[in-house]
Structures are given as structure tokens and as C-alpha cells.
Enquirer: 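Sharing a structure below in C-alpha cells format, with a few things to ask.
Numbered from 1 within each chain, the chains take letters A, B, ... in sequence-line order. The basis for the numbers below is simple: all heavy atoms, side chains too, and nothing from hydrogens, waters or symmetry mates. Worth saying up front: this structure is predicted, and the values here are computed from it rather than measured.
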Number of protein chains: 2
Amino acid sequence: MPRPDRTNPPVDEPRLETGRPDFGLSRLQLDAYSGEQLYRQLYRMLRAAILSGDLAEGEAIPSENQLRDQFGIARTTVRNAMSLLVSEGLVQQVRGRGTIVSHRPISHSIWNFGSFTELARRQGQRPVTRVLEHQVEHGELHLVRARGLANGEAVTWLNMDTSWLSLELYPGLERYDFAEQSLYETLRRDYGRHPMRSELLLTVVPPSERLRDVFAGAHVPGYLCASGDVLDGDDRLVERTSIVYSPAVQMKFATRWGRSTAQLPSGRDAGEQT
Amino acid sequence: MPRPDRTNPPVDEPRLETGRPDFGLSRLQLDAYSGEQLYRQLYRMLRAAILSGDLAEGEAIPSENQLRDQFGIARTTVRNAMSLLVSEGLVQQVRGRGTIVSHRPISHSIWNFGSFTELARRQGQRPVTRVLEHQVEHGELHLVRARGLANGEAVTWLNMDTSWLSLELYPGLERYDFAEQSLYETLRRDYGRHPMRSELLLTVVPPSERLRDVFAGAHVPGYLCASGDVLDGDDRLVERTSIVYSPAVQMKFATRWGRSTAQLPSGRDAGEQT
DNA sequence: TAGTGGTCTAGACCACCAT
DNA sequence: TGGTGGTCTAGACCACTAT
């Protein structure tokens with residue numbers, strides 16, 4: 001993918017000599033011609049060392065300059081690897097002190113209820129779906145899925161998504177396995193229904209046992225829940241849905257008060273915030 | 001904090017000339033001596049343009065090289081700014097194509113985040129405000145108001161609105177009585193500050209005694225709360241706020257999945273709902 | 001004071017995309 | 001083909017921390 005040069009090793013210039021002072025991940029090398037980016041190789045290497053416990057929580061990993069020297073790469077490249085670890089919460093950087101293994105839980109900010117897979121992609125993480133319920137009731141498929149991000153073995157569950165889908169509209173839909181494929185992709189591909197917009201109502205739901213179980217949450221008074229209809233371009237109902245968000249999701253949104261406010265006559269308080 | 005040099009402007013070398021071809025965020029400049037990192041300044045600038053709607057969903061923002069040239073900074077610095085936007089999910093980078101705004105606009109389709117008095121007027125009811133707290137702390141006016149609608153003698157309280165307002169910005173503001181007059185109207189009329197947009201974070205707050213008291217509510221697990229910043233047209237802070245909503249308020253909003261999603265590369269399910 | 005991470009510069013080559 | 005973002009180099013100065 002990236003760093004395209006040296007996909008074919010030039011003849012001279014070994015480029016990556018090793019043999020400098022060792023620490024933890026000593027004898028390892030980076031392969032400049034493997035096709036995998038250098039920073040990704042380094043990232044995987046450090047990550048493995050952390051997850052395997054070779055680098056314990058609270059310990060400092062080798063400094064950026066050490067890694068630069070050991071592997072003969074630029075510090076920028078080292079920092080690219082570091083930033084992946086940081087964004088995964090595996091590590092914390094403190095100026096003057098070093099880079100410390102931390103396993104800190106990270107929060108995921110979502111602007112305006114954006115896409116789930118988009119969130120995943122952004123952090124270079126793999127979206128994961130677990131089907132909690134899958135049953136037919138009153139001619140509808142009732143589908144409950146937990147959705148989250150995979151970091152290696154660990155999964156951070158971000159929401160629990162309940163869908164009601166008309167089997168009259170989608171005959172045979174109950175035979176799909178939505179742990180493996182996207183619901184919306186299926187509706188588009190096999191049923192020609194294109195989700196376009198939604199009308200949602202925000203509520204607070206109390207922490208049920210299942211929710212606490214899925215989110216492995218601390219004690220929260222309740223969870224944010226958005227429920228309502230998903231419609232297609234012709235305003236036909238695609239599904240009814242109800243999405244409960246983990247506290248790990250930061251639900252952000254922006255509002256604008258039209259330019260109008262300044263221009264309104266008199267003292268009408270059109271721009272007044274609720 | 002970081003980038004320590006040039007906290008004192010050296011005499012020569014203006015360093016940041018502007019005047020190159022314009023686009024969107026034209027006349028803006030970075031200040032190398034402000035104490036704020038260059039990449040952070042650029043980040044805030046782009047972020048504001050996105051959240052304010054000046055850069056619409058699906059639109060490309062200026063390319064990295066354009067920004068480098070326009071602001072006379074290194075591309076690394078531009079990329080630092082970009083990576084913040086990416087990690088916030090406000091933007092998506094596609095090699096060969098550009099950097100695309102991927103934030104979903106709900107600003108105008110939100111129903112109940114709009115004006116309080118407008119809501120009241122629409123229903124032919126009289127808005128009522130009760131001031132619960134009004135005190136000066138650390139150079140800020142701390143204002144807590146309950147707001148509701150009057151039906152004859154009865155009042156239905158709809159939200160509890162906490163504001164922090166800088167008295168440096170608004171000298172003398174502590175002498176107003178905001179049970180009688182609108183806060184925003186005062187800010188506009190007497191201080192020339194025009195609230196324009198807000199950036200809010202949705203959370204669930206547990207039912208405190210005061211909240212139960214104000215909302216005279218049944219037993220709810222928690223209340224919806226939106227807290228964040230209110231900004232004016234120039235992205236200057238107007239107030240920090242935190243609004244707790246009564247369960248009697250139906251928080252509805254609408255989302256749209258832009259056409260853009262369908263055109264994104266590969267089989268990634270960009271249109272997937274969260 | 002020596003070492004750390006934070007910021008920044010000024011280049012470079014590349015894969016990918018639109019044209 | 002020209003422009004985009006992705007990767008990489010080889011420097012630099014700084015604030016901060018630990019000693």
C-alpha cells in the first residue's frame with residue numbers, strides 16, 4: 001500500500017543493520033522490503049510485546065530515540081508507530097518521562113450520530129458484530145446486535161442495536177447471518193432498499209442486566225438511546241430501530257442558529273437557546 | 001506548552017506571509033507567537049469551518065499542499081492538524097482524492113435543541129424562567145435557570161440550564177435579573193455578542209434532588225444532558241453551558257446519510273448506521 | 001544535566017485518483 | 001498527467017522530568 005519504493009530491494013545498501021544495545025525487544029529487525037510499512041512493523045512489534053506481557057503495565061517502553069537508533073529509521077517513523085499505540089490506548093506518552101504501558105480505556109467521539117463502520121475505519125480498527133437475538137415475531141424479524149471494535153483479542157462494545165424488519169418487505173431475510181454481513185448492505189443488495197435518513201427520539205434507558213453485561217460498564221445511571229424509524233429515499237420504512245450507546249461513545253453534535261437571529265426585528269429571542 | 005521557540009517574536013522574518021490564492025477559509029492566518037501550536041490553530045480553524053457548515057458534508061477541504069503554501073508551514077504540521085480532524089471523525093482522507101468532510105449535519109433538523117422561546121411561542125404558551133442560582137465564582141457568572149411553560153397558574157418545567165459566563169467578557173453582567181430578561185438578548189444588546197452555534201456533548205446525568213424537585217418527575221433512571229460551548233460567528237466563546245432536559249421534552253432529531261457514502265471506495269459500508 | 005517526548009522544517013518518492 | 005494523501009528522511013529547538 002504505502003511507502004512504495006523499495007518494494008524491490010536495491011542491490012546495495014543493506015539499510016537496516018542491527019546489533020545495537022539491546023533492551024526488551026532486542027534481536028528483532030524491520031524489513032524494509034516486506035511491503036509492510038516500517039511504522040506498522042514497529043507498531044506490531046511493540047504491540048505484541050505489550051500484549052504478551054513482556055512490557056508490563058506501568059513500564060516504560062524504549063524511547064523514541066532508542067528505537068530510531070536501534071532500527072535505523074527516522075524518528076518520525078517511530079512516532080507514527082507510537083501514535084497507533086496511543087490511539088489504541090495501549091500506551092501513554094509523557095514528555096520528559098517516556099512512553100508508558102497503560103491499557104487506558106479510550107473513548108470514541110461520534111459527531112452527529114455518524115456511521116459505525118466509519119468510526120471503526122478511522123481508528124484502524126476492525127468493526128465487530130455479535131448477534132444477541134434473532135427471531136421472527138408477528139411477521140417481523142427481531143434482531144439484536146452488539147457492535148464494537150476489536151483491538152487484537154479485546155473487543156470494546158460501543159452499542160446495542162435492535163432492529164425490527166418486516167418479513168413481508170424482506171422475505172427470507174431471517175435466513176441471513178448478520179454477524180458476518182452488514183444488514184444495510186444486504187437490504188441494498190438483495191432487496192433494493194436504500195436507507196437514506198432516520199427520525200429518532202432520544203431517551204435514557206435504565207441499565208438492564210444485558211446492557212451492563214455487554215458494555216461491561218461501571219455504574220451508570222442509564223444509557224443513551226436513540227430509537228425511531230429508518231427510511232429510504234422515498235420515505236418508505238426500512239426498519240424500526242433502537243440503538244443504545246455505551247458510555248465509551250462520546251455523542252457530540254453541533255447546532256447552528258440561522259443567521260436570521262441577528263436580523264430579526266425587535267427583541268424576539270429567536271436565537272435563544274433552549 | 002509545546003513548540004517553545006518563538007514565544008517571543010524575533011524581530012526579523014515575518015515568517016507567515018499570507019496573500020496566496022484563497023478558498024473557503026481565506027483571510028485567516030496563523031500566529032506563530034500566540035503560544036498555541038501552529039497545527040492546533042489550523043485544526044481549530046478547519047474544525048470551526050466544518051462545524052459551522054461553511055464546509056459542507058461531502059465537500060473536499062483544501063489539500064495539504066494548499067494549506068502548506070497558504071500558511072507557509074511544513075506539510076508535517078498540516079498533517080498534524082489533519083490527524084486531529086480524522087481522529088474526531090470530522091473528516092476522511094482518501095489518497096488521490098483529497099480530504100472530505102464526513103460530518104453529518106443534523107443542526108437544522110433537530111427539533112428540540114432549537115430556541116426555547118420559539119418552542120413556547122409555537123405552542124401558544126408563555127415561557128417562564130426561574131433563577132435557581134446566580135453567583136460569581138472565579139471571575140465567572142454561574143447561572144442556573146429552570147425554564148418551562150405556563151398554562152394558567154401551572155408551570156411545566158422543561159429544562160434546567162446552567163451557564164458559565166466570563167465577567168471579563170461581560171463586565172457587569174452579574175447585575176442583571178435573568179428571570180425577567182433573556183440572557184442571550186442581553187448579550188446581544190448590551191455586549192454585542194451574538195450566539196451563533198454550539199458544540200455539545202450528550203450525556204446522562206443521575207437524578208439529583210434538585211432535578212427531581214424541578215421536574216417533579218416520576219422515577220427516571222437519569223436525565224438527558226447536553227453540555228458544551230456556545231460560540232459566536234467568529235468562533236469566540238459566548239458561554240459554556242449544560243442543559244438538563246425534563247423527560248417531558250421529546251428530543252427528536254433527524255439524520256441523513258449523504259449520497260457521498262455510496263461513492264466511497266471499496267466495499268466498506270460507509271452508509272451503515274451506527 | 002542528560003534524556004524524554006512535543007513541535008517544526010524542508011525536502012523526497014510513491015500509490016492512487018481524476019482527467 | 002497533475003494533484004492527492006501516505007510514507008520516510010535527517011535534521012532542529014524546545015519544555016519537561018528525573019537525577
Side-chain angles (χ1 to χ4, degrees), chain A residues 1-8 10 13 15-16 21 23 30-43 46 59-69 71-86 91-100 102 121-122 124, chain B residues 1-8 10 13 15-16 21 23 30-43 59-69 71-86 91-100 102 263-266:
Chain A
M1 29 191 65
R3 208 189 73 271
D5 55 344
R6 59 177 107 148
T7 31
N8 293 324
E13 190 209 8
R15 260 233 87 256
L16 293 178
F23 33 72
L30 302 184
D31 178 2
Y33 313 112
S34 73
E36 187 184 19
Q37 304 93 309
L38 293 177
Y39 78 93
R40 281 218 144 257
Q41 295 178 50
L42 178 56
Y43 155 72
L46 293 168
E59 253 182 61
I61 72 177
S63 80
E64 298 182 350
N65 285 335
Q66 279 178 327
L67 293 169
R68 161 177 57 92
D69 294 340
F71 295 109
I73 56 183
R75 197 177 142 215
T76 306
T77 305
V78 176
R79 282 183 68 76
N80 279 342
M82 291 299 188
S83 77
L84 290 181
L85 294 173
V86 169
V91 120
Q92 223 165 332
Q93 298 197 286
V94 184
R95 173 165 31 180
R97 187 119 60 98
T99 299
I100 287 104
S102 94
R121 199 182 322 136
R122 174 164 88 234
Chain B
M1 30 193 66
R3 209 186 74 268
D5 55 346
R6 57 178 108 147
T7 32
N8 293 324
E13 192 206 7
R15 259 235 85 252
L16 295 178
F23 32 73
L30 303 184
D31 179 2
Y33 313 112
S34 74
E36 187 184 19
Q37 304 94 308
L38 294 176
Y39 78 93
R40 281 217 143 257
Q41 294 178 51
L42 180 55
Y43 155 71
E59 255 182 59
I61 72 177
S63 79
E64 297 182 350
N65 285 336
Q66 278 178 328
L67 292 170
R68 160 174 58 87
D69 294 341
F71 294 109
I73 57 181
R75 196 175 145 219
T76 306
T77 304
V78 175
R79 283 184 66 77
N80 279 342
M82 293 298 190
S83 77
L84 290 181
L85 294 173
V86 169
V91 119
Q92 226 167 318
Q93 298 198 286
V94 184
R95 174 165 28 181
R97 185 118 63 99
T99 300
I100 286 109
S102 84
Q263 301 158 5
L264 284 178
S266 82

Enquirer: Ignoring backbone atoms, test whether B:Q37 places a side-chain nitrogen or oxygen under 4.0 Å from the OP1 or OP2 oxygen of C:dG6.
Expert: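 No.
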
Enquirer: Measure the distance from CD on A:E36 to C1' on D:dG6 and round it to the nearest whole Å.
Expert: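 In whole Å, D:dG6 C1' and A:E36 CD are 15 Å from each other.
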
Enquirer: For the pair made of CZ in B:R75 and P in C:dG11, what is the distance, rounded to whole Å?
Expert: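 Rounded to whole Å, this separation is 14 Å.
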
Enquirer: With sequence neighbours excluded, what pairs up with A:R97 under the salt bridge (Lys or Arg N to Asp or Glu O under 4.0 Å) test?
Expert: none

Enquirer: Please tell me if A:Y39 has a side-chain N or O lying less than 4.0 Å from either OP1 or OP2 of D:dT7.
Expert: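 Affirmative; the distance criterion is met.
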
Enquirer: Would you check if the side chain of A:E64 reaches a backbone N or O of A:V78 as a donor-acceptor pair within less than 3.5 Å?
Expert: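 Not confirmed, A:E64 side chain does not pair with A:V78 backbone.
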
Enquirer: Quick one: B:E64 CD to C:dA10 P, roughly how many Å, whole number?
Expert: 17 Å

Enquirer: Taking only residues two or more places apart in sequence or in another chain, which ones pass side-chain hydrogen bond (donor to acceptor under 3.5 Å, both in side chains) with B:T77?
Expert: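 Counting only residues at least two positions away or on another chain, B:T77 forms no side-chain hydrogen bond (donor to acceptor under 3.5 Å, both in side chains).
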
Enquirer: In whole angstrom, give the distance that lies between atom CZ of A:F71 and atom C1' of D:dT9.
Expert: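 A:F71 atom CZ is separated from D:dT9 atom C1' by 17 Å.
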
Enquirer: Rounded to the Å, how far apart are B:L67 CG and D:dG5 C1'?
Expert: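 Taking CG of B:L67 and C1' of D:dG5, I get 12 Å after rounding.
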
Enquirer: Can you tell me the distance, in whole Å, between the CG atom of B:N80 and the P atom of C:dG6?
Expert: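 After rounding, the reported distance stands at 11 Å.
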
Enquirer: Round to the nearest Å and state the distance from A:Q93 atom CD to C:dT7 atom P.
Expert: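 Rounded to whole Å, this separation is 10 Å.
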
Enquirer: Does the pair B:I61 and B:M82 meet the rule for a side-chain contact (heavy atoms from CB on, under 4.5 Å), with working shown?
Expert: CA-CA 10 Å; B:I61 72 177; B:M82 293 298 190; 3.7 Å; yes

Enquirer: Please determine, for the side chain of A:I73, which listed nucleotide (D:dG5, C:dG6, D:dT9) has the closest atom?
Expert: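 Shortest atom-to-atom distance from the side chain points to D:dT9.
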
Enquirer: Is there any protein nitrogen or oxygen under 3.5 Å from a nitrogen or oxygen in nucleotides 1-3 of chain D, and what are the pairs?
Expert:
from	atom 1	to	atom 2	distance (Å)
D:dG3	N2	B:G96	O	3.1

Enquirer: Any side-chain N or O of A:R79 less than 4.0 Å from the OP1 or OP2 oxygen of C:dG6?
Expert: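 Looking at the OP1 and OP2 atoms of C:dG6, one of them is under 4.0 Å from a side-chain N or O of A:R79.
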
Enquirer: What residues, two or more places apart in sequence or in another chain, satisfy side-chain hydrogen bond (donor to acceptor under 3.5 Å, both in side chains) together with A:Q92?
Expert: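 With neighbours one apart ignored, the set is A:S102.
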
Enquirer: Hey, which sits more toward the 5' end of DNA chain D by its nearest nucleotide, B:M82 or A:T76?
Expert: B:M82

Enquirer: Let me spell it out: for each of A:T77 and A:V94, pick the nucleotide of DNA chain D with the closest heavy atom. Which residue's pick is nearer the 5' end?
Expert: A:T77

Enquirer: Holding to side chain to side chain contact (heavy atoms under 4.5 Å, CB included), I want the full list of residues that pass it with B:S63, two or more places apart in sequence or in another chain.
Expert: B:N65, B:Q66

Enquirer: Can you confirm whether B:I73 sits close enough to B:L42 that some side-chain heavy atom of one is under 4.5 Å from a side-chain heavy atom of the other?
Expert: yes

Enquirer: Counting only side-chain nitrogens and oxygens, does A:T99 get under 4.0 Å of the OP1 or OP2 atom of C:dT4?
Expert: no

